[in-house]
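Here is how names work: the chains are called A, B, and so on, in the same order as the sequence lines, proteins then strands, and each is numbered from 1.
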There are 2 protein chains.
Amino acid sequence: MNLDAHLPLPPPADGRTCPVRDVLDRLGDKWSTLLLVTLAQGAQRFNALARAVPDISRRMLTETLRHLERDGLIWREVTPSTPPAVAYGLTPLGFSLMPPLGALIEWAEHHQSKIAVARERFDKLPMRVREPEPASSVS
Amino acid sequence: MNLDAHLPLPPPADGRTCPVRDVLDRLGDKWSTLLLVTLAQGAQRFNALARAVPDISRRMLTETLRHLERDGLIWREVTPSTPPAVAYGLTPLGFSLMPPLGALIEWAEHHQSKIAVARERFDKLPMRVREPEPASSVS
DNA sequence: CAGAATCCCCCAAGATACTG
DNA sequence: CAGTATCTTGGGGGATTCTG
């Protein structure tokens, strides 16, 4: 398998100036991915999103949506009625993220059982199997 | 675009029991992705990894490697010589993650400029453009 | 309805020092 | 060389309360 074809990372060593880090860090926070996936099914209003992701606090919902909007991944539309209605949806840029993101999610779904097994095996290891005692033939 | 084809998420709303979260959370931490990508170029020894990723502390390097090993994404091989030599490399499971992960990285590289522009635009917004004063026609 | 503001806690992660 | 052990801090994120 040619990995370079998949991993054209010019500066993989430098973490500070690497712009890829910025993007990946965002996706790595607790709610961004989940919200993007939810919005991929269609534009939603604020409370609809809150219901779709029950365990998110209002604060984090607002904050995460703000970040995603800032990055241009979602749009925000205010209908100034009373009470106001605010809708969110994916931008074209946001939609363009879906295929790779979906692929990653599919990978996770497809291999979750293997990972669970690996974790179980690792955890029941006697803790010193990985560190074989240094042959005590010293005396 | 058919998003369901990319996003077969049975329980997208439940965050606690969703096993996809576990996996994605790991990839979302500060060093996992970078180490996986580095190891994709070939197995490396501990200090070689430390040199390849200069700004990681030894503690985080050890800890992140341990997590990845626990998840079955990388293997760890101890050669009990003096001084000991420990090598790390991707397992088949780890390699299987590379295509989707590489795709995500490519997406990030390809769209970083758009994101940068979006952020700039957002940040120079007068802060109240997004919140038009509610038409006070309520009487 | 859609947030803003505030308080608080936990832990990821850095720095430093020691070891087989 | 390849790690531990300990101390410390920033900020991510929860709970709660207030408002237009």
Side-chain angles (χ1 to χ4, degrees), chain A residues 15-16 21 25-35 43-69 74-89 127-128 130-139, chain B residues 15-16 21 24-35 43-69 74-89 127-139:
Chain A
R16 288 161 305 254
R21 292 291 285 282
D25 283 353
R26 279 262 144 275
L27 297 181
D29 70 19
K30 194 170 182 181
W31 302 109
S32 290
T33 299
L34 199 49
L35 284 179
Q44 311 247 352
R45 290 179 46 184
F46 187 86
N47 275 1
L49 282 171
R51 279 188 296 273
V53 186
D55 49 349
I56 192 175
S57 67
R58 290 176 123 71
R59 199 178 81 83
M60 289 317 297
L61 180 53
T62 302
E63 188 172 308
T64 306
L65 288 171
R66 195 84 76 200
H67 283 148
L68 294 174
E69 184 195 1
I74 68 175
W75 47 260
R76 184 182 117 112
E77 186 191 42
V78 181
T79 303
S81 55
T82 48
V86 181
Y88 296 87
M127 195 65 62
R128 279 300 145 189
R130 309 194 299 267
E131 298 281 354
E133 62 235 39
S136 56
S137 58
V138 189
S139 61
Chain B
R16 288 160 307 252
R21 292 292 285 282
L24 262 35
D25 283 353
R26 279 262 142 275
L27 297 181
D29 70 19
K30 195 170 183 180
W31 301 109
S32 291
T33 300
L34 198 50
L35 283 178
Q44 311 246 354
R45 289 178 49 184
F46 188 85
N47 275 0
L49 281 171
R51 279 188 297 274
V53 186
D55 49 348
I56 192 176
S57 68
R58 289 173 123 68
R59 201 179 81 82
M60 289 316 296
L61 180 54
T62 302
E63 189 172 308
T64 306
L65 288 170
R66 196 84 77 201
H67 283 149
L68 294 174
E69 184 195 2
I74 69 175
W75 47 259
R76 184 182 119 114
E77 185 190 43
V78 181
T79 303
S81 54
T82 47
V86 181
Y88 296 87
M127 196 65 63
R128 279 299 147 190
V129 174
R130 307 195 300 268
E131 298 283 354
E133 61 237 39
S136 54
S137 60
V138 192
S139 79

Between the protein and nucleotides 11-13 of chain D, are there any N/O to N/O pairs under 3.5 Å, and if so, what are the atom names and distances?
{"from": "D:dG13", "atom 1": "OP1", "to": "A:K30", "atom 2": "N", "distance (Å)": "3.2"}
{"from": "D:dG13", "atom 1": "N7", "to": "A:R59", "atom 2": "NH2", "distance (Å)": "2.4"}

task: Sequence neighbours left out, what passes side chain to side chain donor-acceptor pair (under 3.5 Å) with A:D25? Give chain and number order.
output: none

field: Between C1' of C:dA2 and CD of A:E77, the distance in whole Å
entry: 15 Å

- prompt: Under 4.0 Å between a side-chain N/O of A:Y88 and OP1 or OP2 of C:dG3, yes or no?
  reply: yes

Gap between atom CG of B:N47 and atom CG of B:L49 - 0.5 Å precision: 9.0 Å

task: Mind checking side-chain contact (heavy atoms from CB on, under 4.5 Å) for B:A48 and listing every partner two or more places apart, or none if nothing turns up?
output: B:Q44, B:R51

field: Nearest-nucleotide 5' precedence on DNA chain D, B:P83 against A:P84
entry: B:P83

message: Tell me whether the side-chain N/O atoms of B:R45 come closer than 4.0 Å to OP1 or OP2 in D:dA2.
response: yes

- prompt: Rounded to whole angstroms, how far apart are CG on A:L65 and P on C:dC1?
  reply: 16 Å

Evaluation steps, side-chain contact (heavy atoms from CB on, under 4.5 Å), between B:L61 and B:V53: CA-CA 9 Å; B:L61 180 54; B:V53 186; over 6 Å; no

query: With respect to the phosphate group of C:dA5, does any side-chain polar atom (N or O) of A:R58 fall under 4.0 Å of OP1 or OP2?
result: no

task: Examine C:dA4: is either OP1 or OP2 under 4.0 Å from a nitrogen or oxygen in the side chain of A:R66? Give yes or no.
output: yes

- request: Taking side-chain contact (heavy atoms from CB on, under 4.5 Å) as the test, write out the residues that go with A:A87, two or more places apart.
  value: A:R45, A:W75, A:E77

B:T82: partners by side-chain contact (heavy atoms from CB on, under 4.5 Å), with sequence neighbours left out: none

field: Any side-chain heavy-atom pair of A:H67 and A:R26 under 4.5 Å
entry: yes

query: With a 4.0 Å cut-off on heavy atoms, is B:A85 in touch with a base, just the backbone sugar-phosphate, or nothing at all?
result: sugar-phosphate

- prompt: When the distance from CZ of A:F46 to P of C:dA2 is rounded to whole Å, what number comes out?
  reply: 7 Å

- request: Specify the separation, in whole Å, of atom CZ of B:R51 and atom C1' of D:dA2.
  value: 12 Å

- request: Would you mind reading off the distance between A:E69 atom CD and C:dG3 atom C1', rounded to a whole angstrom?
  value: 13 Å

- prompt: What bend angle does the helix from C:dC1-D:dG20 to C:dG20-D:dC1 show across its length, from five-pair end axes and to the nearest 10 degrees?
  reply: 50°

d(CG, A:L61; P, D:dA15) in whole Å: 14 Å

message: Test your reading of the model: is there a side-chain donor-acceptor pair from A:T64 to the backbone of A:S32, 3.5 Å cut-off?
response: no

- request: Report the distance from atom CD1 of B:I56 to atom P of D:dA2, rounded to the nearest whole Å.
  value: 15 Å

query: Tell me, do B:L65 and B:W31 make a side-chain contact under 4.5 Å, heavy atoms counted?
result: no

